Amino acid sequence: MKKKLKIIAISSPGGHWIELQKICKPLEEDFNIVYVHPNNQFTKSDDDSSNNISIIDASAKTKLKLIILSFQLIKIILLNRPKYIISTGAAPGAIAVLIAKWLPCKTIWIDSIANTKELSLSGKLVKNHATIFLTQWENLVDKKIMFKGALL
């Protein structure tokens, strides 16, 4: 049997997490997906899987937590050695994309559907670092950003 490629799927809580699940759940049959999530994002049945890793919840407003989060993500990425990292956003995904820039790992950033007029703050940060950058709004396309449709 062929070994499945490993993907780290990472996002912030709330809408980012819902979008990430919509993307990754159909991929689980073909890929080994490791879900990296802020605390309390999984239901009891999800927690039984060894492919769920909890991280500290951090944002641009919590600078010290961002430092802790960065070290957590370095450890997770180095231990798991994913072929791809996919994120729908905010701080955990942005930091993961920036870390992956220095590793043999490709990254896919899908900017949040909530950002209709401009990229998210995290999206702006990773725009030139993500291997593939997707928006869910056609009006935000440029040389680096692609539109392939919306998730919802």
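The structure displayed is predicted, hence computed values, not measured ones. Index from 1, following the sequence.
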Inset, instruction - Could you tell me whether the side chain of Ser120 and the main chain of Gly123 form a donor-acceptor pair under 3.5 Å? - result: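 Here the side-chain-to-backbone pair exists.
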Inset, instruction - May I ask you to decide if Pro104's main-chain N or O and Lys83's side chain share a donor-acceptor pair within less than 3.5 Å? - result: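 The answer is no, because no donor-acceptor pair under 3.5 Å joins these two groups.
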Spacing of [atom1] belonging to [X] relative to [atom2] belonging to [Y], to within rounding of 0.5 Å:
X: Ile74; Y: Leu78; atom1: CD1; atom2: CG; value: 7.0 Å
X: Asn32; Y: Leu27; atom1: CG; atom2: CG; value: 12.0 Å
X: Ser112; Y: Gln136; atom1: OG; atom2: CD; value: 6.5 Å
X: Glu138; Y: Met146; atom1: CD; atom2: CE; value: 13.5 Å
X: Leu69; Y: Ile55; atom1: CG; atom2: CD1; value: 5.0 Å

If hydrophobic clusters are built by linking Ile, Leu, Val, Met, Phe, Trp and Tyr wherever their side-chain heavy atoms come under 4.5 Å apart, do [X] and [Y] end up in the same one?
X: Leu140; Y: Leu121; answer: no
X: Leu134; Y: Phe147; answer: no
X: Trp137; Y: Val141; answer: no

Below 4.5 Å, heavy atoms only, C-beta onward: do [X] and [Y] meet side chain to side chain?
X: Trp109; Y: Thr88; value: no
X: Ile108; Y: Ile110; value: yes
X: Leu125; Y: Leu98; value: yes
X: Val36; Y: Asn52; value: no
X: Ile56; Y: Gln72; value: yes
X: Ser54; Y: His37; value: yes
X: Phe133; Y: Leu119; value: yes
X: Lys101; Y: Val126; value: no

What pair of heavy atoms forms the shortest contact from [X] to [Y], and how long is it?
X: Gly93; Y: Ile10; value: CA-CG2, 4.0 Å
X: Lys144; Y: Thr131; value: NZ-O, 3.6 Å
X: Gln21; Y: Pro26; value: O-CD, 4.2 Å
X: Thr107; Y: His129; value: OG1-O, 4.0 Å
X: Ala58; Y: Ala91; value: O-CB, 3.5 Å
X: Ser70; Y: Ile99; value: O-CD1, 3.8 Å

Inset, instruction - Would you please say whether a donor-acceptor pair under 3.5 Å links the side chains of Thr135 and Asp111? - result: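 Side chains of Thr135 and Asp111: no pair found under 3.5 Å.
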Inset, instruction - Report, as yes or no, whether the 6.0 Å neighbourhood of atom NZ on Lys106 holds more than 12 heavy atoms from other residues, nucleotides or ligands. - result: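 Check fails, neighbour count at 12 or below.
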Legend entry - Flag if over 12 foreign heavy atoms under 6.0 Å of CG, Leu103: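 Atom CG in Leu103 is crowded, with more than 12 foreign heavy atoms closer than 6.0 Å.
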Inset, instruction - Give me the one residue out of Asn80, Ile8, Val34, Ile7 that meets side-chain contact (heavy atoms from CB on, under 4.5 Å) with Asn51. - result: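 Among Asn80, Ile8, Val34, Ile7, the one meeting side-chain contact (heavy atoms from CB on, under 4.5 Å) with Asn51 is Val34.
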Legend entry - Qualifying residues under side-chain contact (heavy atoms from CB on, under 4.5 Å), relative to Ile67, sequence neighbours excluded: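 Ile67 satisfies side-chain contact (heavy atoms from CB on, under 4.5 Å) with Phe71 once adjacent residues are dropped.
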Legend entry - Under the side-chain contact (heavy atoms from CB on, under 4.5 Å) test, residues paired with Ala9 that sit two or more places apart: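 Listed in chain order: Leu20, Cys24, Ile33, Tyr35, Ile86.
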Inset, instruction - In plain terms, say whether Lys124 and Glu118 are close enough for a salt bridge, that is, a side-chain N and a carboxylate O under 4.0 Å apart. - result: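 Salt bridge flag = yes for Glu118 with Lys124.
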